[in-house]
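Everything on this sheet refers to the single structure shown next.
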Amino acid sequence: MNLFRLLQARASAGKPIRVALIGAGKFGSMFLAQVPHTPGLEVPIIVDIDRDRAREACRTVGWDAERIAATVFTDDGARAIAGDAMDVVVEATGNPAVGIAHARAAIAAGKHIVMVNVEADVLAGPLLADEARKAGVVYSLAYGDQPALTAEMVDWARATGFHVVAAGKGTKYLPAYHDVTPDGVWQHYGLTAGEAQSAGMNPQMFNSFLDGTKSAIEMAAIANACGLDVPAEGLAFPPCGVDDLPHVMRPRSRGGVLERSGVVEVVSSLERDGRPVFRDLRWGVYVVLEAPSDYAADCFRQYGLKTDGSGSFAAMYKPYHLIGLELNISVLSAALRGEPTGQPYGFRGDVAAVAKRNLRAGEMLDGEGGYTVWGKLIPAAASLRAGALPIGLAHRLKLKHDVAHGTLVRWSDVEFDPGNETVKARKAMEGAFAPQH
């Protein structure tokens with residue numbers, strides 16, 4: 001609870017925290033919007049493949065002409081990372097291969113790295129975090145995004161002596177969404193294709209939120225950061241409002257829907273027939289905890305917590321997340337405290353590519369949110385046993401074999417270059433962090 005005071009001290013000393021932002025999309029723009037209102041924090045360099053778009057993003061979020069003129073805009077990530085004056089690198093591109101390369105460059109340059117790019121984190125994060133720890137710098141999940149917010153709640157629960165039963169987030173989900181392609185995505189958001197295009201919305205990116213891929217990626221990041229388990233059959237997306245979290249999100253042996261205690265799961269804001277869930281958690285995060293004693297359970301009741309019928313299970317939740325508007329917490333925590341706002345310590349969850357339709361040999365996979373595959377959360381051990389192709393690598397790879405609708409795409413099904421740096425990083429992560437059971 002002292003980040004602001006620590007930042008004030010840096011500002012008073014004339015030593016502002018300097019950040020290199022890589023990727024000026026929506027998340028990056030939301031972060032930039034807060035910079036003029038945070039004395040002691042500066043972003044002197046912004047990296048984007050479209051420098052004019054990055055400048056326009058700064059104008060859109062309220063930067064004045066003087067601040068924009070004093071900022072370097074470049075498409076050269078290596079240049080930004082190598083700058084001696086930088087304290088923190090924020091990687092917000094969303095491209096797994098690019099994110100891994102930037103993270104490793106930042107670590108090699110002795111810079112803290114805040115990984116907005118959760119796609120890269122799920123593909124090779126345990127390895128990157130380990131490399132950062134050995135180099136004496138911070139590798140951190142991005143506060144404001146749901147994985148870091150959930151990890152914070154899990155840490156709070158454990159540090160206060162509670163057992164974590166389940167943790168995760170809410171989203172809009174129906175089983176049919178897994179097969180949605182970019183051509184059909186906008187009807188589910190209540191938009192026409194023209195309206196979405198005029199707003200600059202990317203159909204493949206928004207489809208990754210709808211088809212379950214982004215939920216799988218985020219839950220894998222939470223599992224890997226918090227040491228939680230992954231459901232054996234993947235995410236179930238049970239419909240559940242905030243008042244019912246303690247009742248629904250408890251083990252089956254206790255009357256809930258979970259296969260066991262200590263897992264990640266996503267709750268749906270829609271009933272299976274499409275009706276809205278009462279008091280849904282579509283934009284928020286939660287943790288369900290179990291009282292360690294009858295006395296603690298009595299305190300739940302005395303202080304008004306919603307519990308299950310036994311009184312032993314209760315939930316804490318945050319109804320909203322503010323994405324890039326909250327990213328300062330990660331930046332300041334890394335630079336001022338040397339602490340991450342969540343980072344992977346093991347390889348417990350993986351996100352495998354699953355065919356959206358019958359795929360034929362010779363077809364090219366088009367990755368997260370596309371026309372060919374969606375990402376399914378599965379235990380890391382099961383992924384390795386099956387030889388499953390990670391969703392983060394299921395892009396621009398040609399199929400060697402037919403893959404039936406709804407089945408895993410495997411490494412053996414695609415043509416890939418074993419010398420590719422991203423593939424090598426992934427294989428190194430698997431070798432170093434493969435589950436031992």
Side-chain angles (χ1 to χ4, degrees), residues 3 7 10 16-38 40-51 53-55 57-58 61 63 67 71-121 125 128-129 132 135 137-149 221 321-344:
L3 281 178
L7 180 61
R10 282 286 291 262
I17 295 167
R18 294 164 63 86
V19 179
L21 172 66
I22 306 179
K26 181 62 174 176
F27 201 115
S29 294
M30 294 176 80
F31 166 62
L32 292 172
Q34 299 303 99
V35 171
H37 311 290
T38 314
L41 179 67
E42 295 182 358
V43 182
I45 188 162
I46 298 173
V47 183
D48 198 277
I49 55 175
D50 187 335
R51 288 173 287 179
R53 183 185 68 178
R55 287 191 186 89
C58 291
V61 303
W63 281 29
R67 186 179 294 271
T71 302
V72 174
F73 294 87
T74 178
D75 57 6
D76 187 349
R79 174 189 175 189
I81 292 168
D84 291 337
M86 295 302 118
D87 300 295
V88 181
V89 175
V90 172
E91 215 298 334
T93 66
N95 182 307
V98 170
I100 291 170
H102 285 154
R104 283 184 144 171
I107 293 164
K111 308 295 195 306
H112 304 307
I113 176 77
V114 175
M115 187 62 87
V116 177
N117 191 337
V118 70
E119 292 82 3
D121 178 78
L128 300 175
V137 295
V138 173
Y139 172 99
S140 179
L141 299 180
Y143 199 88
D145 222 353
Q146 287 161 310
L149 297 181
H321 66 297
L322 296 180
I323 330 224
L325 297 179
E326 298 182 82
L327 186 64
N328 283 4
I329 301 299
S330 289
V331 172
L332 302 184
S333 182
L336 298 174
R337 287 183 179 151
E339 291 183 354
T341 51
Q343 67 172 212

Check your understanding: Does atom CG of Leu322 have more than 12 heavy-atom neighbours from other groups under 6.0 Å away?
Key -> yes

Study note, to complete from the structure: Closest heavy-atom pair, His112 versus Ala334, reported as atoms and distance to 0.1 Å, is NE2-O, 3.4 Å

Review point. Do the side chains of Thr71 and Cys58 get nearer than 4.5 Å, heavy atoms only?
Key: no

Practice item. For residues Val90 and Phe27, determine if any side-chain heavy atom of one lies less than 4.5 Å from a side-chain heavy atom of the other. Key: no

Review point. Looking at side-chain heavy atoms only, is the closest gap between Trp63 and Pro36 below 4.5 Å?
Key: yes

Check your understanding: With a 4.5 Å limit on heavy-atom distance, are the side chains of Ile323 and Lys26 in contact?
Key -> no

Check your understanding: With respect to Val35, which candidate in Val331, Val43, Leu327 satisfies the side-chain contact (heavy atoms from CB on, under 4.5 Å) definition?
Key -> Val43

Check your understanding: Just wondering, do Val72 and Arg79 contact through their side chains at under 4.5 Å, heavy atoms?
Key -> yes

Review point. So do Leu128 and Ile100 actually touch side chain to side chain, heavy atoms under 4.5 Å?
Key: yes

Review point. Can you find a heavy atom in the side chain of Arg337 that is under 4.5 Å from one in the side chain of Leu3?
Key: yes

Revision key, fill the gap. Heavy-atom closest pair (Gly25 atom, Asp48 atom, distance to 0.1 Å) is N-OD2, 4.4 Å

Point to revise | Heavy-atom pair of closest approach, residues Lys111 and Ile81 | key: NZ-O, 3.2 Å

Check your understanding: Taking all atoms of both residues into account, what is the closest heavy-atom pair of Ile46 and Ala24, and its distance?
Key -> CG2-CB, 4.2 Å

Review point. Do you know which two heavy atoms are closest between Asp145 and Val116, and how far apart they sit?
Key: OD2-O, 4.2 Å

Check your understanding: What is the minimum heavy-atom distance between Val88 and Ala335, and which atoms define it?
Key -> CG2-CB, 4.0 Å

Review point. Are the side chain of Thr341 and the backbone of Ala142 linked by a donor-acceptor contact shorter than 3.5 Å?
Key: no

